[in-house]
Q: 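Have a look at the structure that comes next, please.
Lettering follows sequence order; numbering is per chain, from 1. Computed from a predicted model, the values in this text were never measured in an experiment. Values below: all heavy atoms of this structure, side chains included; hydrogens, waters and symmetry mates excluded.
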Amino acid sequence: VGFIGAGQLAFALARGFTAAGVLAAHKITASSPDTDLPTVSGLRKMGVNFTVSNKDTVKSSDVLFLAVKPPIIPFILEEVGPDIEARHIVVSCAAGVTISSIEKKLSTFCPTPKVIRCMTNTPVIVREGATVYATGTHADVEDGKLLEQLMASVGFCTEVEEDLIDAVTGLSGSGPAYAFTALDALADGGVKMGLPRRLAVRLGAQALLGAAKMLLESEQHPGQLKDNVCSPGGATIHALHFLESGGFRSLLINAVEASCIRTRELQHLADQEEISPAAIKKTLLDKVKLESPSLSVASASKVSLFTNKSKKN
Amino acid sequence: GSGGVVAAAMEASELWVGFVGAGRMAGGLVRGLLQAGKVPASNILASAPSDKNLDAWRELGCRTTHCNLEVVHRSTLVFLATKPHILPGVLEEIRPAVGSHHIVVSLVAGVTIQTLQRLLPPWTKVLRIMPNLPCVVQAGAMVFSRGSNAGDEEAALLKSLLSSCGLCEEVPESYIDIHTGLSGSGVAYVYLFAEALAEGAVKMGMPGALASRIAAQTLLGAAKMLLETGEHPAKLRGDVCTPGGTTIYALHQLEKGALRATVMDAVEAATNRACDMAKD
């Protein structure tokens, strides 16, 4: 397994796979031009093969994860495209990047690229990830199943139609951030009422973990489980009333919607070639340019994405 | 003692039922009773100060009077249905005629069993009931509590008579104010909701009369499904929400408006008001 990119996602997946025992660390390669990332040393410590050469990663992989930020994807595809063979399973984890855009790019190098699009989330690091995937034109059922096996070792994994992936991004992709925010606030509540911070955080997290586990293991509707906690006139129902007054539910709906819409927006921008260079970390872009002299980027104006045209500086 | 008399009187067709006060709530209850055929109209006697309300009762076949004492003398089961501020005076008036064979059931909002028992002879079997308006169409929701001398037989009699009007449950007295907030006043919340639904439809181009009928039928149907399936409302809600469909879009609007909290506030406000009024 190879990872293009050695940031949070690569680290989380590598950690998850090795902890699950589905993959030995030495069978994982990760690459990034930026060796200063904190995750790089983490990967090294794990025993993962780290390199600055994306091409090396491609060569030593059967399953190749594209674990870079969405605006970087086109540069990566341009760079490693020539090394992609029919045997490779290219798995893109980039939010908003469509299978067809990847296939289009790769097909200039390889007639039948196997592409799978995947949306996972950071709790893969503790093997409680939530992953969905959609298979591309040339990816077989077995290819999908292989990915599913890998991702199932680090949490829940299921196949979906590609058009649902943006919604999944909004829900479980961004979801952990909503949870962290909630936990921070819950802990604040605990501290306000007198608990030491560490204990408050620990208890808050355990409460959410336990509730989630109950829901996953229960046949019952979350509404029913909520009722089961609310004794008449008791503390919980009083608290829930506050949540309802604050529009708690609608805030969460809004959040999922906003994340999903933004994902689509970014994808749309990418297709329209309207991402500004500012959206891309400059050091990374410079390093990528160093690796791919064939690709030049218009620094003052728009970046050309998903085309093979070279714009002069 | 009086047990045999009461037992005989328990035969519903032999039961003599009286109403002190003949206003809207009493009218609802009696219509429910009559619809269910539990008690013949001729066995029902109602009293009120004026004929204003009594005309309707006569039309139903009930007997009427202006004398509260007559109601007590001629009935075994006596419903007290006066306005709260009138009740103390009425109780003082009928007290001499109240015997151990009577079953006194108060519909009077805000008057506690303790108060009733204080103003009536110590042996009186007292129950307190809080109905709601749809008793008229046999779809009411009623809760009742028993006083110190009311036993299982009296509770069973009341429940059997009134179950024909809808849901009738015995509860601790502390639930009665809550029932007011939930269901007594609750029907008004539903009317408000129905009106708003229809208005939404009118805004979108549907004629008002049709919109109103559909709104009412929607509420009726949804409630019926809730009652008949026994499923949790959240589950039934989820069943209607197809992914990305119309319903979830609409529900999002309702959540944005904090409808749930507002409804909770309403029930709380009405309940608290009922408690406050009871203290007056």
Side-chain angles (χ1 to χ4, degrees), chain A residues 119 132 134 158-172 178 182 211 214-216 218-261 263-264, chain B residues 143 145 169-183 186 189 193 222 225-227 229-272 274-275:
Chain A
M119 170 51 53
V132 301
T158 191
E159 185 174 8
V160 296
E161 295 296 315
E162 191 183 5
D163 62 359
L164 295 183
I165 293 191
D166 294 332
V168 173
T169 308
L171 172 57
S172 56
Y178 316 154
M214 275 182 75
L215 180 56
L216 288 171
S218 166
E219 301 280 305
Q220 294 186 306
H221 194 283
Q224 179 65 62
L225 291 172
K226 161 185 60 81
D227 285 358
N228 294 345
V229 187
C230 290
S231 42
T236 310
I237 189 70
H238 271 70
L240 277 179
H241 192 180
F242 262 100
L243 287 180
E244 296 290 3
S245 298
F248 184 59
R249 291 174 185 255
S250 81
L251 285 179
L252 291 171
I253 299 173
N254 292 348
V256 174
E257 187 177 41
S259 172
C260 177
I261 289 178
T263 303
R264 291 185 189 142
Chain B
V143 297
S145 306
E169 297 286 339
E170 182 173 0
V171 299
E173 196 180 7
S174 59
Y175 291 5
I176 289 191
D177 290 333
I178 306 172
H179 177 77
T180 304
L182 167 60
S183 184
Y189 319 158
F193 191 66
M225 281 194 71
L226 255 178
L227 287 170
T229 64
E231 304 238 54
H232 195 283
K235 159 111 190 1
L236 290 172
R237 170 174 50 88
D239 289 345
V240 187
C241 292
T242 44
T246 61
T247 311
I248 191 70
Y249 269 71
L251 282 175
H252 191 183
Q253 291 303 322
L254 292 178
E255 298 288 5
K256 280 183 190 170
L259 177 65
R260 291 172 184 260
T262 310
V263 171
M264 287 176 80
D265 289 338
V267 174
E268 189 173 337
T271 304
N272 286 340
C275 291

Q: Does any part of the side chain of A:N254, heavy atoms only, come nearer than 4.5 Å to the side chain of B:K256, both counted from C-beta?
A: yes
Q: May I have the step-by-step check of side-chain contact (heavy atoms from CB on, under 4.5 Å) for A:H241 and B:D265, ending in yes or no?
A: CA-CA 8 Å; A:H241 192 180; B:D265 289 338; 2.6 Å; yes
Q: Check this for me: A:Y178, atom OH, are more than 12 non-hydrogen atoms of other residues, nucleotides or ligands nearer than 6.0 Å?
A: yes
Q: Search all heavy atoms of A:S245 against all heavy atoms of B:A258 and return the closest pair with its distance.
A: O-CB, 4.2 Å
Q: If you compare all heavy atoms of B:H252 against all heavy atoms of A:S250, which two are closest, and at what distance to 0.1 Å?
A: NE2-O, 3.7 Å
Q: Heavy-atom cut-off 4.5 Å, strictly under: side chain, backbone, both or neither for A:D227 against chain B?
A: side chain
Q: Can you see which heavy atom on A:H221 is nearest to which on B:K235, and at what distance?
A: CD2-CA, 3.4 Å
Q: Given a strict heavy-atom distance threshold of 4.5 Å, which part of B:E268 is in contact with chain A: side chain, backbone, both, or neither?
A: side chain
Q: Is A:E257 in contact with chain B via its backbone, its side chain, both, or neither, using a 4.5 Å heavy-atom distance?
A: side chain
Q: Can you give me the closest heavy-atom contact between A:G223 and B:A234, atom names plus distance?
A: CA-CB, 4.1 Å
Q: Should we count OH of B:Y175 as having more than 12 external heavy atoms under 6.0 Å?
A: no
Q: Can you tell if the side chain of A:R249 reaches within under 4.5 Å of the side chain of B:R260, non-hydrogen atoms only?
A: yes
Q: Name the region of A:I237, side chain, backbone, both or neither, that has any atom closer than 4.5 Å to a heavy atom of chain B.
A: both
